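Because the structure is a prediction, the values reported are computed rather than measured. Just follow the structure's listing: the first ligand is 1, and inside any ligand the first atom is 1.
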Amino acid sequence: MPVEYDLHSHSLASDGTLSPAALVARAAAAGVEVLALTDHDTTAGVAEARAAAMEQGIELVAGVEISVTWRRQTVHIVGLGVDPDDARLQSGLAGLCEFRAWRAEEIGRRLEKAGIADAWAGARRHARGVLISRTHFAHFLVEAGHAKSVRDVFKRYLVANRPGHVSGQWAALEDAVAWIRGAGGQAVVAHPARYRLSGTRLRQLLGEFRECGGVALEVVSGSHSTEEMHRMAGLARSLGLLASRGSDYHGPENPWIELGRVPALPTGCVPVWSDWPQGLPLVVNQ
Ligand code: AMP
Ligand code: MN
Ligand code: MN
Ligand code: MN
């Protein structure tokens, strides 16, 4: 029987809505055997998730999803099998969280000018981990009746040319990959089809990523269509990148994404886990 891998998920430590322990329990119930917790810019949920995984009898891969600015575009780089105690990784992530704190205040000020009061305080109530994300603003704006759904909030308030937009100043691609590798992990380009890059630019991104020491592409993602998955599988094969698989689960409020409920890797892809002993990354620090 093939092992069931879900290598991309979020908890309350970033912008997910389940605690790390509840996330792991749900993954186990859904038949996931190896789960990576990949919160945005933090590993704060890993210890709790690891303890829960021991109880549930599944494997937990310590991960992170690092926010990167590449040629003025936000790109997400997942790290799998990182040592959460690595000092350089943690100082890099701390810098990103500081930017997040400043950006949140700025989003609050801009929304205030647009006539929406108390958004910063409201978003902070939803942010129960160490960092604050646009998702927390979205939850507040829906709750306060300014929009009908999270998707609607993003479209109307939080993206470029909208009143609550503040551009990202995230990590450099080479730094994010270096932090991940320095912490013993494998770097993966998350949901590559989401960036709406032309074929040429996507190849440029992946070329630079490989030169920095990145090794894998998230071919199967909860946010990819079947056609996008096959296109990304072809790219991974032609560029010699390993392939990853993850749902990008954020919580039960998103009923169209469930833990482990994504297609199997297309044939011809070399899985990112192919050289993990017994399903786990080589350098897993338990
Ligand atoms: P941040 O990293 O704080 O800028 O927030 C990015 C997060 O917002 C992503 O990881 C998604 O979880 C969420 N997000 C981004 N765009 C959308 C959208 N259009 N609809 C719903 N959620 C979104
Ligand atoms: Mn998110
Ligand atoms: Mn992402
Ligand atoms: Mn994600």
**Q** Looking only at side chains, do Glu174 and Trp179 share a donor and an acceptor under 3.5 Å apart?
**A**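 No, no side-chain donor-acceptor contact under 3.5 Å.
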**Q** Given the Mn ion (ligand 4) as the apex, I'd like the angle to OD1 of Asp248 and NE2 of His8, rounded to 10 degrees.
**A**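 It rounds to 80°.
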**Q** Please state whether the separation between the Mn ion (ligand 4) and some N/O/S atom of His191 is under 2.8 Å?
**A** no
**Q** Any side-chain donor paired with an acceptor under 3.5 Å for His250 and Asp15?
**A**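 There is such a pair between these side chains.
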**Q** Closest N/O/S atom of His10 to the Mn ion (ligand 4), by atom name?
**A** NE2
**Q** Which of the N/O/S atoms in Asp15 sits closest to the Mn ion (ligand 2)?
**A**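 Nearest N/O/S atom: OD2.
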**Q** Return yes if a side-chain donor-acceptor contact under 3.5 Å exists between Ser67 and Asp41, otherwise no.
**A** yes
**Q** Looking only at the side chains, is there a donor atom on one of Gln204 and Arg71 sitting less than 3.5 Å from an acceptor on the other?
**A** yes
**Q** Does His76 bring an N, O or S atom to within less than 2.8 Å of the Mn ion (ligand 4)?
**A** no
**Q** Whether the Glu218 and His76 side chains hold a donor-acceptor pair (N or O, under 3.5 Å, no angle test) is what I'd like checked.
**A**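 Side-chain D/A pair, Glu218 to His76: absent.
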**Q** N/O/S of Glu65 less than 2.8 Å from the Mn ion (ligand 3)?
**A**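 Coordinating: yes.
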**Q** Tell me, please, if His40 has any N/O/S atom, main chain or side chain, under 2.8 Å from the Mn ion (ligand 2)?
**A**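 Yes, within the cut-off.
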**Q** Just say parallel, tilted or perpendicular for the rings of His146 and Phe140, cut-offs at 30° and 60°.
**A** tilted
